[in-house]
Amino acid sequence: LLPHNQEAYGKICQMYDKGIQRVAVVQPTGSGKSFLMAKLIEDNSESRFFVLSTSHKINDQFKEKLDDEMLKRINFNIYCNMPNMKKEDMEVLQPDYILLDEMHRALAKEWSKGIKVLLEMYPDAKVLGLSATPIRYLDRCRNVVNELFDGNLACDMSLSQAILDGILPMARYVCGVYSYQKDVESLNKKIEKSYNSEEEKKELLQQVKVLKENLDKGNGVSDIFKKYIISGNEKFVVFLK
């Protein structure tokens with residue numbers, strides 16, 4: 001574990017030792033939340049775990065962090081399966097720990113029904129919830145830390161703080177103009193319909209033509225990508241309409 005996660009993990013263990021059954025961790029994406037879960041599994045070799053995440057792919061990625069002996073003690077599932085999970089299937093789990101990755105999903109209207117049954121079935125199981133976004137803004141701003149974990153936070157790290165502390169890199173924002181044909185056509189029509197004189201219109205249309213020619217010489221989408229994708233391992237957030 002890196003220092004920031006060593007500190008968070010220490011607080012998790014301290015809270016469990018004090019008898020606090022449900023502990024939450026708020027850390028931004030990329031700060032190593034899954035390593036906290038892996039460390040908890042590693043350090044409790046006699047315990048059984050039930051891991052809930054948002055997708056099978058995420059579960060598969062997490063499994064890669066664990067060895068075969070650890071995997072024998074873990075059951076995996078995803079949130080959308082919880083409403084239809086039979087009671088007898090839950091009874092087979094017998095978890096000592098329940099790990100809720102992306103814990104804010106546990107408050108979803110339908111998914112929460114199965115999770116509520118699970119938690120009531122195992123009141124003595126220790127619960128660890130992790131998320132970068134504990135507030136459900138489109139759900140009356142419900143706070144999963146308060147509702148499901150009684151406000152018990154082992155770590156509360158914002159994205160801005162993680163960047164300031166050097167845990168995560170500063171993002172680079174790239175804005176490229178690459179689709180302007182319709183804009184040019186619209187501008188030409190506005191000029192044609194304007195109250196300017198014919199001479200002024202001719203001059204304005206010529207300016208637009210020169211502008212378009214300059215843009216045509218500029219970087220297209222592929223050139224923009226080539227400029228910023230250097231090693232091939234970069235991660236990107238792409239904003240679309």
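Worth knowing before you read on, the calculation uses all heavy atoms, side chains too, and leaves out hydrogens, waters and symmetry mates. Fair warning: this is a prediction, and the values are worked out from it, not measured in the lab.
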Presence of salt bridge, [Y] and [X], under 4.0 angstrom:
X	Y	value
Glu185	Lys182	no
Lys202	Glu198	no
Lys72	Asp68	no

I'd like a table of donor-acceptor pairs (distance under 3.5 Å, sequence neighbours excluded) in which one partner is a side-chain atom from residues 56-66, with atom names and distances.
from, atom 1, to, atom 2, distance (Å)
Asn59, OD1, Ser53, OG, 2.7
Asn59, ND2, Asn77, O, 3.2
Lys65, NZ, Ser34, OG, 3.4

Apart from [X] itself, residues in the same hydrophobic cluster as defined by side-chain heavy atoms under 4.5 Å:
X	value
Ile230	none
Val92	none
Leu159	Met157, Ile163, Ile167, Leu168, Met170
Val210	none

I need the minimum non-hydrogen distance between [X] and [Y], along with the two atoms involved.
X	Y	answer
Asn143	Leu107	C-CD1, 4.4 Å
Thr133	Ser131	N-OG, 2.9 Å
Asp101	Tyr79	O-OH, 2.6 Å
Ala106	Ser112	O-CB, 3.1 Å

Say you draw a straight line from [atom1] of [X] to [atom2] of [Y]; how long is it, rounded to the nearest 0.5 Å?
X	Y	atom1	atom2	answer
Leu99	Ile41	CG	CD1	5.5 Å
Ile12	Asp17	CD1	CG	12.0 Å
Leu204	Lys190	CG	NZ	13.0 Å

side-chain contact (heavy atoms from CB on, under 4.5 Å) partners for [X], two or more places apart:
X	result
Glu203	Gln207
Lys209	Gln206, Glu213
Gln6	Leu1

Practice prompt. With side-chain contact (heavy atoms from CB on, under 4.5 Å) as the test, would you mind laying out the steps for Leu52 and Arg105 before giving the verdict?
Written response: CA-CA 10 Å; Leu52 264 180; Arg105 304 297 184 96; over 6 Å; no
Worksheet item: Going through the distances and angles, do Asn152 and Met15 end up as a side-chain contact (heavy atoms from CB on, under 4.5 Å)?
Response: CA-CA 8 Å; Asn152 297 314; Met15 294 171 84; 3.6 Å; yes
Any [X] side-chain heavy atom under 4.5 Å of [Y] side chain:
X	Y	result
Ile78	Thr54	no
Ile98	Leu119	yes
Asn196	Ile191	no
Asn188	Val208	yes
Ser194	Lys201	yes
Glu42	Glu69	no
Glu91	Lys87	yes

Hydrophobic cluster identity match, [X] and [Y], side-chain contacts under 4.5 Å:
X	Y	answer
Met121	Val127	yes
Val145	Leu100	yes
Val51	Leu36	yes
Val144	Met82	yes
Leu93	Phe76	no

Worksheet item: Does the pair Asn44 and Asp96 meet the rule for a side-chain contact (heavy atoms from CB on, under 4.5 Å), with working shown?
Response: CA-CA 10 Å; Asn44 294 274; Asp96 300 293; over 6 Å; no
Practice prompt. Show your reasoning for whether side-chain contact (heavy atoms from CB on, under 4.5 Å) applies to Leu130 and Glu102.
Written response: CA-CA 6 Å; Leu130 308 101; Glu102 304 294 349; over 6 Å; no
Discussion item. Filter on salt bridge (charged side-chain N to carboxylate O under 4.0 Å, His left out), then keep only pairs touching residues 109-137, sequence neighbours left out; what's left?
Written reply: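 Residue pairs with at least one partner in residues 109-137: Glu110-Lys113, Arg136-Asp139.
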Worksheet item: For Phe35, does the CZ atom sit with more than 12 other heavy atoms under 6.0 Å from it, leaving out its own atoms?
Response: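 Incorrect, the count does not exceed 12.
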Discussion item. Taking ring pair (Phe, Tyr, Trp, His ring centres under 6.0 Å) as the cut-off, I'd like each qualifying pair that reaches into residues 91-111, sequence neighbours left out, listed once.
Written reply: Tyr16-Tyr97, Phe49-Tyr97
Discussion item. Strictly by ring pair (Phe, Tyr, Trp, His ring centres under 6.0 Å), give each pair with a member in residues 112-168 just once, sequence neighbours left out.
Written reply: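 Matches after skipping sequence neighbours: none remain.
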Donor-acceptor list for residues 22-30 side chains, cut-off 3.5 Å, not counting sequence neighbours:
from, atom 1, to, atom 2, distance (Å)
Arg22, NH1, Leu148, O, 3.1
Gln27, NE2, Asn5, OD1, 3.1
Gln27, NE2, Ser31, OG, 3.0

Practice prompt. Measure from the side-chain N and O atoms of Glu7 to the backbone N and O of His4, and report whether any donor-acceptor pair falls under 3.5 Å.
Written response: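 Not a single qualifying donor-acceptor pair exists.
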